[in-house]
There are 2 protein chains.
Amino acid sequence: MLKEMQTYLQREGFRVLTACTGKEAITITLSERPDLVVLDWMLPEKSGIDVCREIRQTSHCGIIMVTARSDESDKIVGLEIGADDYLTKPFSLRELASRIRALLRRLRGPEDRPMFLERDNLIISEAKCQVFKDGQEIQLTPTEFKILFTLAGRPGIVFSRLQLLNAALENEYMGYERTMDSHIRNLRRKLGDDPANPQYIQTVYGFGYRFGERS
Amino acid sequence: MLKEMQTYLQREGFRVLTACTGKEAITITLSERPDLVVLDWMLPEKSGIDVCREIRQTSHCGIIMVTARSDESDKIVGLEIGADDYLTKPFSLRELASRIRALLRRLRGPEDRPMFLERDNLIISEAKCQVFKDGQEIQLTPTEFKILFTLAGRPGIVFSRLQLLNAALENEYMGYERTMDSHIRNLRRKLGDDPANPQYIQTVYGFGYRFGERS
DNA sequence: TCGTGATTTGACAGGTTTTTGAAGAAATCC
DNA sequence: GGATTTCTTCAAAAACCTGTCAAATCACGA
């Protein structure tokens with residue numbers, strides 16, 4: 001079960017560490033400082049509740065509690081001790097991934113994320129859903145816009161096709177990965193990016209794509 | 001220094017966009033229409049003076065000039081070309097924030113703050129819940145008015161159907177999103193907006209609607 | 001209670017966007 | 001150098017989005 005979860009989440013583009021006991025979980029959380037912890041209520045050595053409490057003392061990372069009981073009072077206890085979300089067994093891996101994404105998004109929060117991104121002569125305005133190059137507006141489709149926004153939001157960071165698709169379609173994407181290639185192609189064309197030597201959207205062979213950092 | 005300023009001002013509650021060159025500053029000012037611009041006298045590519053002049057041609061936003069020289073004549077030049085305030089280095093971030101607040105207050109103006117929005121020949125009076133086009137009153141229903149007011153209050157910004165519905169109905173709307181299409185249709189008809197090429201209420205495919213900027 | 005205007009719904013047509021699949025090019029591995 | 005895997009490209013099919021409209025429902029004052 002743990003192994004499955006790990007595999008699935010990695011496919012979804014997350015970096016996953018696992019722990020089998022509460023103690024281990026705490027150690028890893030302290031040393032690796034993950035963005036988010038998925039915690040089973042029942043654990044050997046230490047109950048999930050204790051682990052949750054302990055993590056909370058030193059970290060603001062997201063915590064999702066997983067439990068077999070659907071008891072409403074458990075949920076309240078769970079959230080009270082500092083969990084951010086609560087999931088009842090049985091649940092699908094898809095649902096878990098979706099909750100994780102939602103929580104991560106929430107944690108990043110209303111943050112002072114700028115309303116637009118820019119690089120060189122390219123400006124991407126989220127609020128206006130517009131992209132300008134050299135002051136000229138470039139017409140993008142919704143999906144293209146979201147992909148570009150995701151990429152450009154973290155220049156230099158490599159995104160897998162699946163990550164991009166999920167970011168753009170804002171939920172579980174259930175299709176052909178090669179779809180992304182088409183979008184990338186269209187984006188490069190519209191941005192005037194030479195496929196042989198792209199300045200904006202660079203392909204990272206075997207991994208995915210990244211937005212080039214300042215030229 | 002730029003980064004510090006941004007951080008400090010964001011802490012003070014302002015939404016901050018930054019630009020490193022004069023050209024960039026102009027582009028962003030045009031696309032994002034900020035309430036206020038803080039402008040260094042010395043900039044790469046274009047001098048602060050030129051940037052200031054250029055911004056002034058299309059925008060009434062506040063402009064604060066920052067300069068290293070405390071020369072009184074510079075101050076006069078600065079104010080002459082359209083800056084609203086003038087700050088000499090070195091200055092504390094607190095002072096900058098305080099000047100910004102003061103200017104914003106002044107710009108919004110306590111008394112002459114228009115209770116109406118206008119663009120071209122369209123006037124939207126919130127206080128009276130009336131809309132005039134070419135001096136002729138246009139009869140709108142309450143919902144239509146609120147939608148128009150929401151849109152027109154932030155020209156260029158894209159609102160999703162749900163956002164508009166919530167703004168108009170001022171609470172959680174639990175219905176069919178397509179409802180908005182009807183309202184938009186009626187609005188466009190009443191405003192005399194050509195659906196094929198709307199000047200006022202523009203469709204942003206896949207996202208929602210926006211009030212068109214400038215004519 | 002009824003009548004009137006306002007709002008919402010549902011369905012269709014027409015247009016646009018997204019996805020697919022296959023074939024060829026490029027990169028990597030052995 | 002050849003085999004293998006991974007990317008690009010393209011056009012056609014599928015899915016999706018918007019505008020439109022008439023009819024149904026709702027809200028509210030007479």
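Note on naming: letters A, B, ... go to the chains in the order of the sequence lines (proteins, then strands), and numbering restarts at 1 for each one. Keep in mind the model is a prediction, meaning the values are calculated, not measured.
- Following rounding to the nearest Å, Y176(B) (OH) and dT9(C) (P) show an atom-to-atom distance of 8 Å.
- The nucleotide whose nearest atom lies closest to any side-chain atom of S182(A) is, among dT18(C), dT20(C), dG15(C), dT20(C).
- Counting only distance, with no hydrogens or angles, the side chain of R119(A) and the backbone of P155(A) share no donor-acceptor pair below 3.5 Å.
- L96(A) has its side chain within reach of M5(A): a pair of non-hydrogen atoms, C-beta onward, lies under 4.5 Å apart.
- Using cut-offs of 30° and 60° on the angle between ring planes, the pair F211(B) and Y200(B) is parallel.
- Here R188(A) lies in heavy-atom contact (under 4.0 Å) with sugar-phosphate atoms only.
- Distance CG (L148(A)) to C1' (dT18(C)): 17 Å, rounded to an integer number of Å.
- On the nucleic acid side, DNA chain D contacts chain B at distances under 4.0 Å to non-hydrogen atoms, with the end points of that region at dC16(D) to dC21(D).
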Checklist line | Steps toward salt bridge (Lys or Arg N to Asp or Glu O under 4.0 Å) verdict (R161(A), D181(A)) | finding: CA-CA 8 Å; R161(A) 280 158 232 271; D181(A) 298 16; 2.4 Å; yes

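- When each of R178(A) and T143(B) is assigned the nucleotide of DNA chain C with its nearest heavy atom, T143(B) is the one assigned upstream, toward the 5' end.
- Within the 4.0 angstrom heavy-atom criterion, only backbone atoms of the sugar-phosphate kind lie near Y209(A); the bases stay farther away.
- By the 4.5 Å heavy-atom criterion applied to side chains, N197(B) and D194(B) are counted as neighbours.
- Looking at T203(A) and R188(A), their side chains never bring a donor and an acceptor atom within 3.5 Å of each other.
- Put simply, CG on D181(B) is 15 Å from P on dT7(C), counting in whole angstrom units.
- Distance, N186(B) CG to dT8(C) C1': 11 Å, rounded to whole Å.
- Of the side-chain N and O atoms in T141(A), one or more sit less than 4.0 angstrom from OP1 or OP2 of dT18(C).
- Between P195(B) and G208(A), the residue anchored closer to the 5' end of DNA chain D is G208(A), taking for each the nucleotide with the nearest heavy atom.
- Take the nearest nucleotide of DNA chain D for A196(B) and for Y205(B): the residue whose nucleotide is more 5' is Y205(B).
- The closest side-chain heavy-atom distance from I63(B) to L36(B) is not below 4.5 Å.
- Going from atom CD of Q139(B) over to atom P of dG5(C) covers 13 Å, rounded to whole Å.
- Atom CG of L169(A) and atom P of dT18(C) are 9 Å apart (whole Å).
- When the side-chain nitrogen and oxygen atoms of H183(B) are compared with OP1 and OP2 of dA6(C), none of them lie within a distance under 4.0 Å.
- In this structure, R161(A) places its CZ atom 17 Å from C1' of dT18(C), rounding to the nearest Å.
- Atom pair R185(A):CZ and dT18(C):C1' shows a separation of 13 Å (rounding to whole Å applied).
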